[in-house]
Chemist: 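Structure provided below as structure tokens; questions to follow.
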Amino acid sequence: MTEQENEYDVFAIQDRWLPVWDELKPFNSGVEGDPRPKKYVLDMFPYPSGDLHMGHAEAYALGDVISRYWVLRGYNVMHPIGWDSFGLPAENAAIKRGLDPRGWTYDNIAQQRSSMRRYACSFDWDRVLVTSDQIYYRWNQWLFLEFYKRGLAYRKNSAVNWCPSCQTVLANEQVVQGLCERCDSVATKKTLTQWYFKVTEYADRLLDDLDTLEGNWPSKVLSMQRNWIGRSYGAEVTFDIEGRNEPVTVFTTRPDTLFGATFMVVAADSDLAAELASGSTPDVRMQFQDYLDKVKQSNDIERLATDREKTGVFLGRYAINPVNGEKLPIWASDYVLADYGTGAIMAVPAHDLRDGEFAKAFDLPLRVVVDNEDDIAGDGPHINSGPLDGLYKKDAIAKVIELLEASGKAKATKNFRLRDWLISRQRYWGTPIPIIHCDACGEVPVPADSLPVALPSAEGLDLKPKGTSPLGGATDWVNVSCPNCGAAAKRDTDTMDTFVDSSWYFLRFLSPNSETEAFPVQAAKDWAPVDQYVGGVTHAILHLLYARFFTKVLHDIGLVDFDEPFTRLLNQGMVLMNGSAMSKSRGNIVALSEQLDEHGVDAVRITMAFAGPPEDDIDWADVSPSGSAKFLARAWRTANDVTSEAGVDFATGNKELRKATHTFLRDFGPLIESFKFNVGVAKLMELVNALRKAIDGEAGPLDPAVREAAEVVARGVSLFAPYTAEDMWNKLGHPAGVALAVLPEADETLLVESTTIAVVQVNGKLRDKFEVSVEITKEDLIAKALASEVVSRAIGDGEIVQQIASAPKFVNFVVK
RNA sequence: GCCCCUUUAGCCCAAUGGCAGAGGCAGACGACUUAAAAUCGUCACAGUGUGGGUUCGAGUCCCACAAGGGGCACCA
């Protein structure tokens with residue numbers, strides 16, 4: 001043996017095994033007749049924004065722990081990867097450099113792919129998809145048309161969120177605190193005709209089915225989704241309007257306070273407000289127009305400030321309160337939202353904080369109808385409310401609905417915060433919407449056999465954001481004949497939100513290259529849903545909600561037999577540096593490639609797993625990749641020290657070490673399965689320490705138990721540090737493929753203890769401990785405890801009023 | 001304003017209601033070495049954010065407060 005072979009050289013090891021694995025393909029999940037049970041482990045696919053960074057390194061290290069674990073447990077694990085490659089960054093980079101977004105995108109994909117290979121991700125490289133490939137996005141179009149057929153994709157004209165910098169519309173979910181989530185510009189409103197997916201039709205199911213994920217998804221994500229969908233129960237109440245044929249319906253969660261309504265407010269930017277104003281005096285019309293102009297100038301940032309003063313304008317019109325016929329003045333204000341409920345509310349200033357502020361600002365009357373001085377919005381006996389007097393909230397709500405239901409003036413209903421999903425984007429780098437607009441036939445779906453509608457080349461197109469889709473400039477592409485009547489017609493020039501791409505990609509991995517179907521229905525039955533999904537919490541609302549929606553639609557269409565896409569979810573935390581997220585402006589970016597060059601792939605990977613619970617953030621300044629490298633070297637040396645032959649019978653090995661090995665085998669699985677990777681690594685370290693001691697001590701390197709422990713260590717290490725593990729496996733005389741070396745079960749007979757340490761407390765304080773047989777009876781244990789000198793001293797003159805014992809571990813005397 | 005999470009040694013983190021310490025980092029000491037590095041070994045360090053409560057017994061369960069982090073927010 002040369003000196004070289006006795007030294008742990010992580011870089012040599014990397015170079016050695018990578019090509020071997022390329023041949024071996026240990027993670028190929030598509031082998032016909034593979035007898036292993038199936039498991040689907042999925043990491044959220046990356047956006048190809050450049051090379052992999054520390055965040056990717058964490059995500060894929062942790063996803064790999066899970067995926068590799070199930071392989072070691074004897075499962076056929078499908079662990080695919082792809083790229084979410086449509087989207088604005090590619091387009092913006094293309095504009096900046098005057099290039100086609102394709103070049104930038106596919107160069108980055110190649111870069112990331114090569115980095116993933118070096119990082120030893122356990123992906124099935126025969127299942128790869130790229131959403132900007134025609135072979136992928138044509139099925140986006142196909143799905144869009146399936147949705148369209150069922151009325152789940154539709155076009156409407158309404159006020160939408162608009163990013164003036166990206167020059168495109170934004171989904172509700174993409175506006176964060178009034179800012180565009182991508183570029184942080186202040187979002188504005190614009191009235192446009194746009195395509196929507198009818199998510200609201202699934203609102204109840206999207207909310208209720210979260211219960212089935214309880215315990216398997218982080219509770220934080222569940223509550224964020226519940227919050228976002230925001231169902232509230234209440235009633236729609238209809239008010240007649242003086243001088244108007246049509247009544248106005250409002251939504252309220254407190255119909256019981258109807259007797260306290262003293263005015264009505266409609267959203268200033270609603271059609272209703274404009275119409276009511278136009279039917280009023282010229283004076284009012286002018287005041288309203290002034291107000292509306294002001295409202296439109298203000299952005300969501302100002303709007304969202306809760307301490308903002310209430311503003312509004314009286315419309316000179318009156319509504320009739322259905323419970324008592326009272327005339328209620330109608331005001332327009334921006335504190336009522338046009339797109340929630342009906343865009344109009346009944347104002348109960350005595351029992352709603354916002355209505356109260358408005359009433360105060362404009363000196364409008366207040367009427368108390370619930371007797372509760374402590375909490376104006378709280379419950380209490382109703383007063384000044386005719387037939388509701390004396391009732392509490394719950395009964396009063398039921399009663400008032402019952403009273404008004406007969407005349408059709410009220411009905412129990414519910415409302416959602418969730419809005420339909422706006423999917424049109426006025427940008428180039430996305431899936432073209434497969435619709436043709438014909439003057440005679442209207443919207444005509446592109447026939448399925450004419451798909452895909454290929455994205456035209458960017459050459460000659462002006463990609464700069466200008467408020468309409470750059471595709472409009474592709475004249476040859478836009479102008480087509482109507483599939484229906486043959487007349488001259490035009491393609492829809494918008495592209496789809498890229499969240500459409502990621503809403504079903506987990507199914508596409510089943511047949512990523514199929515030309516004939518989006519995904520094979522039978523394979524979906526076999527593999528899906530995803531057993532374990534791994535990704536960042538940043539997608540807690542958007543992506544997960546949309547994917548859940550898609551799954552439910554596909555279920556209803558009959559293409560899948562499940563209606564939740566991701567059975568278990570793990571959200572890993574972020575990698576920080578010195579307490580904050582890495583960013584150029586902070587200048588605290590840690591380059592992954594430098595870490596890999598300095599410490600090696602394995603050390604970085606195991607550091608990610610060992611840093612703490614996976615859902616916690618990792619501050620790179622707090623962890624020690626060089627410490628990890630030290631551990632790996634220490635583990636590696638144990639394998640190098642083993643002198644027994646492979647295949648030796650372990651039974652005769654050192655008992656103490658065998659016990660340590662099998663204790664590890666017992667504990668390791670449950671730890672990994674409950675995502676306690678850091679503890680799992682700690683257990684490995686423990687076993688390595690025991691192994692080291694055995695090699696250097698009585699047992700010696702030839703002891704079969706030493707080999708047994710080293711082989712278990714190699715397999716355990718393979719979850720975190722695949723290169724080191726493979727090399728250990730090789731040193732131990734096995735052919736390449738430690739990743740497939742199924743973990744043995746713990747031998748329980750080795751774990752049986754004959755004695756244990758019993759502890760004795762007096763009044764809950766530890767006083768003594770001694771070794772006892774595990775079979776000691778409660779009585780004997782107490783007797784033994786009482787015989788202890790330390791214990792009797794602690795009891796002293798006191799009287800034992802109670803003795804609690806749990807044989808063989810524990811006794812407590814309560815002494816007075 | 002509403003909801004959620006976190007708080008254990010200098011640091012990162014463990015601990016089915018039952019001995020506060022599994023593991024690591026940083027540190028001290030020793031062995032090996034001419035010396036150093038590497039390696040191997042030994043050791044010290046907190047009573048669990050604060051105040052109450054439940055319990056024979058609380059880091060763990062309950063209540064209040066504080067600090068830090070996150071989500072939602074004029075949603076009727």
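What you see is a predicted model; the values in this text were computed from it and never measured. We name chains A, B, ... by the order of the sequence lines, and we start the count at 1 in each one. Both backbone and side-chain heavy atoms feed into the values below; hydrogens, waters and symmetry mates do not.
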Chemist: Say whether A:Arg548 and A:Tyr546, considering side chains only, have a donor N or O and an acceptor N or O under 3.5 Å apart.
Modeler: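 The answer is no; no qualifying pair exists.
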Chemist: Using heavy-atom distances to pick each residue's nearest nucleotide on RNA chain B, tell me which of A:Val814 and A:Asp339 is more 5'.
Modeler: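 Looking at RNA chain B, the more 5' nearest nucleotide goes with A:Val814.
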Chemist: What interatomic distance, in whole Å, is found between P of B:C56 and the corresponding atom of B:A73?
Modeler: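 Their P atoms lie roughly 47 Å apart.
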Chemist: Considering only atom C1', compute the distance from B:G59 to B:A22 and round it to an integer number of Å.
Modeler: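 Looking at atom C1' only, B:G59 and B:A22 are 16 Å apart.
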Chemist: With respect to the side chain of A:Met685, which nucleotide from B:G23, B:C11, B:C72 is positioned closest?
Modeler: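 Out of B:G23, B:C11, B:C72, the nucleotide with an atom closest to A:Met685's side chain is B:G23.
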Chemist: Got a sec: does the CD of A:Glu789 have more than 12 other heavy atoms crowding it under 6.0 Å?
Modeler: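 Check fails, neighbour count at 12 or below.
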Chemist: Does the separation of the ring centres of A:Phe677 and A:Phe610 fall below 6.0 angstrom?
Modeler: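 No: the rings miss the under 6.0 Å criterion.
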Chemist: For B:C13, does either OP1 or OP2 sit under 4.0 Å from a side-chain N or O belonging to A:Lys676?
Modeler: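 No, A:Lys676 has no side-chain N/O under 4.0 Å of OP1/OP2 on B:C13.
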Chemist: Please pick, from B:C56, B:C12, B:A76, the nucleotide with the shortest atom-to-atom distance to any side-chain atom of A:Asn812.
Modeler: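 Closest nucleotide to the A:Asn812 side chain: B:C56.
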Chemist: B:C74, B:A73, B:G71: which one has an atom nearest the side-chain heavy atoms of A:Arg417?
Modeler: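 Looking only at side-chain atoms, A:Arg417 lies closest to B:A73.
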Chemist: Roughly how far apart, to the nearest Å, are B:G10 and B:G57 at atom C1'?
Modeler: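 To the nearest whole Å, 32 Å.
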Chemist: C1' atom, B:U6 versus B:C65: distance in rounded Å?
Modeler: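 The answer is 16 Å between these two C1' atoms.
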Chemist: Consider the side chain of A:Pro613, meaning its heavy atoms from C-beta on, and name the nucleotide among B:G41, B:C19, B:A14 that approaches it most closely.
Modeler: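 Between B:G41, B:C19, B:A14, the one nearest the side chain of A:Pro613 would be B:A14.
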Chemist: Hey, does A:Val774 have a side-chain heavy atom less than 4.5 Å from the side chain of A:Thr755?
Modeler: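 A:Thr755 vs A:Val774: side chains apart.
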Chemist: Please measure how far the C1' atom in B:G69 lies from the corresponding atom in B:A38, and state the result in whole Å.
Modeler: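 Nearest-Å result for B:G69 against B:A38 at atom C1': 41 Å.
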Chemist: Of the nucleotides B:C19, B:A76, B:G23, which has the atom closest to the A:Ala682 side chain?
Modeler: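 Taking heavy atoms from C-beta onward, the closest nucleotide is B:G23.
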Chemist: Is A:Glu686 side chain donor-acceptor paired with the B:G23 base, going by distance under 3.5 Å alone?
Modeler: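 It does not, because no donor-acceptor pair links the side chain of A:Glu686 to the base of B:G23 below 3.5 Å.
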Chemist: If you compare every side-chain N and O of A:Asn227 against the phosphate oxygens of B:C4 (OP1, OP2), does one of them come in below 4.0 Å?
Modeler: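 For B:C4, OP1/OP2 do not have a side-chain N/O of A:Asn227 under 4.0 Å.
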Chemist: Given the C1' atoms of B:G1 and B:U54, what is the spacing between them in whole Å?
Modeler: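 B:G1 and B:U54 have their C1' atoms separated by 32 Å.
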Chemist: Given the P atoms of B:G24 and B:C62, what is the spacing between them in whole Å?
Modeler: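 Pairwise P distance, B:G24 against B:C62, rounds to 33 Å.
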Chemist: In terms of side-chain heavy atoms, does A:Tyr8 have a donor or acceptor partner in A:Thr724 at a distance below 3.5 Å?
Modeler: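 The answer is yes; a qualifying pair exists.
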Chemist: Can you check the distance between B:G18 and B:C5, where both ends of the measurement are the C1' atom (answer in whole Å)?
Modeler: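 B:G18 and B:C5 have their C1' atoms separated by 28 Å.
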Chemist: As a test of reading the structure: which of B:G71, B:C74, B:C13 is closest to the side chain of A:Ile541, going by heavy atoms?
Modeler: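 The closest nucleotide is B:G71.
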